[in-house]
Structures are given as C-alpha cells and as structure tokens.
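Working notes for the structure below.
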Amino acid sequence: MSKRLSPQLQHITEDACCETQLEPIQLFCDVDQITLCSKCFQSEEHKHHTVCGIQEAAENYRKLFQEILNTSREKLEAAKSILTDEQERMAMIQEEEQNFKKMIESEYSMRLRLLDEECELNLQRQQECTSDLNLREGLLNQVIQLATELEEMFQEMLQRLSHVGRENMKKLKESEARVSEQICSLQKLTTELEKKCGEDALVLLKNAKYSLERSKSLLLERLEPAHIIDLSLCHIRGFSSMFRVLQRHLTLDPETAHPCLVLSEDLRTVKLRHGQQDGADDPGRLDFSAMVLAAESFTSGRHYWEVDVEKATRWQVGIFHGSADTKGSTARASGEKVLLTGSVMGTEWTLWVFPPLKRLFLKKKLDTVGVFLDYEHGQISFYNVTETSLIYSFSHCAFQGALRPVFSLCIPNGDTSPDSLTISPQHGPSCDATVSP
C-alpha cells in the first residue's frame, strides 16, 4: 500500500518524541501499529505501509471502538434478557412438570375406572351366556393383569417425565451459568471500550488493532437460550377400549350455527360459506367466532366423540356451557368454553389449549381429535386418535348444568377457506348415559 499523509500534521505534545530519532511524533503506521516521526517515515521499513497523522488515525479507531461499544451495550442487554428468561423458565418448567404429573395421575385414575367398568360389563355379558366359574375367574385374572400393566405403564411415564424434568433443569442451570459469565465479560468489555473512547490520541492508539480484534472476538460469542424438551412431547400412549362403548352419535344444531357456516344434510360436517371473507380487521388476529354447537348436551355421565380435522387448517373443538338463544352469537364468552385449537401457519403446526391459554407441541399434523368427557369427575381430555395418545387433559373442573360439544372454524381474512370439520361416526355400540336432547 502507498503512503498517505494528512494535509495538516496535527499538534502533538512536546514530550511525545521518537525514541530513535528524538524527533516529535507526528504520524502513525497502521500496519506496524507504531507512532513515527518524520525521519522514520522516510525509512525503507515503512515505504509501502499505510501512514497517516496521529489525530486522524486516533479518530478512525475511536469511531471503530464506538461502533463496537454500541454493539457491546446491545448484546449486554440481550444477555440480561436471556438470563431473566432462563430463570423464569426454570420456575415455569417446575410448575409444568407438576401439572403434567397431575395429568398423568388423572389419566391413570380415569383409565382404571374405565377398566373396572369394562370388567363389570364383560362379567354381566358372561353371566347372561354361561355360569362357568372358570370363565369368570379367568376374566378377573385378565383384568388384574391389565390393571398391573396399566400401573407399570404409567409409572414408567412418571419416571420418564421426572428424567426429562431433571435434564431440562440441568440444561437451564448450565445456560444460566454460561450467560452470567457472558454478562460479566460484556460488562467488562463495555467498561474498557468506554474508557478507550475517552482516551487521548497516543494512549488510544497503543495496541489499538489488538484491542479492536479482541473486542470483536468477544462479541462473536453466541448468545442463545437452552434447548429443552417440551413436556407436551412426553406423550401418554394408549386408548381405553371403553371409548368405543362411550362414543356418542352427535349432530350439529343449525339453530346455533354462525351465519358464515354451512352444515351438511346429515348435520355432521361444517364448513365456511362460499365467498365468506368477513375476517377480523387485524390480519394477525385469528377470528374463531364462526361456531356451531352439537344438538346433544350432557348433564352427567361419561361421553366420547371424535372430530375429523384433517381438512381444516385453523379450528377449535371442545365443550361449551351456557345459553345459545340467538343465531350468530353462539358461545362468545371465553370463560364458558374448554377448547383445543389447531393452527397451520405455512409448514408450522401449532396446538393450543384453553383455559388458561397454553401452547402444545406435536411433531406432525393431527387428522382426528378424540374428546372424552367425565362429568362427575370434572375431566375433559383431548386425544390424537391416529397416534392413540393423549394431547392434553383438564381435571377437577367444576361442571354445572348442561355441557354441549362446540366446533369452530377461523373466519378467513382474505381468500375463501376450504376448511371443514366432520364429526366421526360411531365405531361401536353405545351404552346408556344421561344425554339430554
């Protein structure tokens, strides 16, 4: 590179002299990172180096240090935010682990109750056909074996949950320590850079390039939160065979359908009316006000139904409590619903439950949702029918009055949506239950 000089040589204090030539220092060699006098500048050693006035060099480096200082401050705030989030996540996953543990225990109790009920039904049928005591004893032994296997399976689930919880906590604590260390480094770096930016020209230029590269390397360290396993991925596998016995024949109630919905002739499928584009004013808001209730309602007992959601990208299913006298204003009060919401945004598949609003994670899209209601025990559960696994369960709900299945589609904000929901037909015989028409 060729030499270049400032048009004017800046003022330098008298005691700043070249140690070799004892001449005033006026220049700075950017390649060798040293100050020069006019005689050293003429030497062969610096012939092809970039050389400029000291004040000009100092201002160039001061700007670079200031830019890095700004970046350091931003990264420091980001690190503090991540640290706060990690600490909040530690408290949150402990609470989630306890909630998930209760859900597993509630599911186990429900499966055990259904197993006992299935045993009673089989015993009654066996007594009607034969009085063979050996058959009765064999049936009882089979139930005991199934109950044992059920307990072992759920104990294994609890152990797996505990293991995932410990691993998540370990990762978060390691992340907390790592981010805390990064915060200390960034605070120290910020202090050094603030001091550097306020230094005189000669002091600032001392080891300037080294300080600059060192600062940049510290800022290149990645800041990211810990990657933990979402507890909703710890699926509770299995299905009670009693679901088929408890499955209800449901139909949709036209009197409760939102005006933008169209029901099929058999009252089992709901879709959006063609040309419906009355979405919310805010394009980012999902409007699920297009609801319809089932004609059937439940005031006691245990009930199960399935909904085909394969042809819907944004939907809700669940139960509703309240009156629905006016067409088009059905089920608007959020406190009166227990819902599972599915949404596909591009390639991302998301599930939410309510109340309270909580996001769940599934590896692939749902095709069919199973809904189980135990009125007396205050439990409503949502199942992935294809994978025969529990999605989420609400327990200890204080049900009062009639409960009705609810179905909802998201009103589109743009083009017409082809979304539809279909109530699946019964797969087996139904048993008696308290069902009000």
Side-chain angles (χ1 to χ4, degrees), residues 1-87 174-226:
M1 298 176 66
S2 61
K3 301 179 184 180
R4 57 185 178 87
L5 291 173
S6 176
Q8 296 179 342
L9 296 179
Q10 295 86 348
H11 172 73
I12 305 295
T13 56
E14 292 183 0
D15 59 346
C17 294
C18 174
E19 295 180 0
T20 304
Q21 305 294 338
L22 298 179
E23 294 286 333
I25 292 174
Q26 300 170 322
L27 307 167
F28 180 76
C29 176
D30 193 57
V31 176
D32 293 331
Q33 290 286 293
I34 59 173
T35 52
L36 303 171
C37 67
S38 56
K39 289 184 178 180
C40 291
F41 167 65
Q42 303 297 329
S43 69
E44 187 71 22
E45 184 181 356
H46 302 287
K47 183 178 180 180
H48 299 291
H49 292 175
T50 300
V51 177
C52 60
I54 284 181
Q55 292 296 340
E56 181 183 350
E59 286 308 308
N60 289 338
Y61 273 102
R62 200 183 307 277
K63 288 179 182 178
L64 293 173
F65 280 124
Q66 186 62 51
E67 290 175 3
I68 294 178
L69 174 59
N70 295 337
T71 304
S72 177
R73 286 169 175 164
E74 291 174 1
K75 195 159 186 176
L76 178 58
E77 290 305 310
K80 289 179 178 179
S81 177
I82 290 176
L83 180 62
T84 300
D85 290 343
E86 297 297 74
Q87 292 168 342
E174 289 174 350
S175 176
E176 181 188 31
R178 183 175 62 255
V179 175
S180 295
E181 186 177 337
Q182 287 177 306
I183 288 174
C184 290
S185 298
L186 288 167
Q187 286 174 331
K188 183 178 179 181
L189 175 62
T190 301
T191 302
E192 291 176 357
L193 289 171
E194 288 173 344
K195 182 181 178 182
K196 198 74 175 172
C197 289
E199 289 175 341
D200 291 334
L202 288 176
V203 180
L204 184 144
L205 289 173
K206 187 176 181 180
N207 297 321
K209 184 172 284 186
Y210 168 77
S211 298
L212 199 65
E213 291 175 352
R214 174 178 166 274
S215 300
K216 287 181 178 179
S217 66
L218 285 173
L219 292 178
L220 287 175
E221 293 182 6
R222 294 185 64 182
L223 276 176
E224 58 181 8

Kindly determine whether K188 and E192 satisfy side-chain contact (heavy atoms from CB on, under 4.5 Å), including the steps that lead there. CA-CA 6 Å; K188 183 178 179 181; E192 291 176 357; 3.4 Å; yes
Over all atoms of both residues, closest heavy-atom pair of [X] and [Y]:
X    : Y    : result
Q55  : A201 : NE2-CB, 3.7 Å
S217 : R214 : OG-O, 2.6 Å
V179 : A79  : CG1-O, 3.4 Å
E224 : S175 : O-OG, 4.3 Å
L219 : S72  : CD2-CA, 3.8 Å

Output every pair passing side chain to side chain donor-acceptor pair (under 3.5 Å) with a member in residues 195-212, not counting sequence neighbours, ordered by first then second residue. none
Please list all pairs meeting side chain to side chain donor-acceptor pair (under 3.5 Å) that have one or both residues in residues 73-84, counting only residues at least two apart or in different chains. R73-E194
Run the side chain to side chain contact (heavy atoms under 4.5 Å, CB included) test against L205 and tell me which residues pass, sequence neighbours left out. F28, I54, A57, A58, Y61
Got a second to check how far [X]'s [atom1] is from [Y]'s [atom2], nearest 0.5 Å?
X   : Y    : atom1 : atom2 : result
I68 : L212 : CD1   : CG    : 4.0 Å
L76 : T71  : CG    : OG1   : 12.5 Å
Q87 : E176 : CD    : CD    : 5.0 Å

Take N60 and D30, measure what side-chain contact (heavy atoms from CB on, under 4.5 Å) needs, and give me the verdict at the end. CA-CA 11 Å; N60 289 338; D30 193 57; over 6 Å; no
Got a donor-acceptor contact below 3.5 angstrom from the E86 side chain to the A177 backbone? no
Any side-chain to backbone donor/acceptor pair from Q66 onto C197? Under 3.5 Å, distance only. no
Using a 6.0 Å cut-off, check whether atom CD of E181 has over 12 heavy atoms from anything other than its own residue. no
Are the charged groups of K216 and E67 less than 4.0 angstrom apart, N to O? no
Mind running side-chain contact (heavy atoms from CB on, under 4.5 Å) on L189 and S215 for me, showing each step along the way? CA-CA 7 Å; L189 175 62; S215 300; 3.4 Å; yes
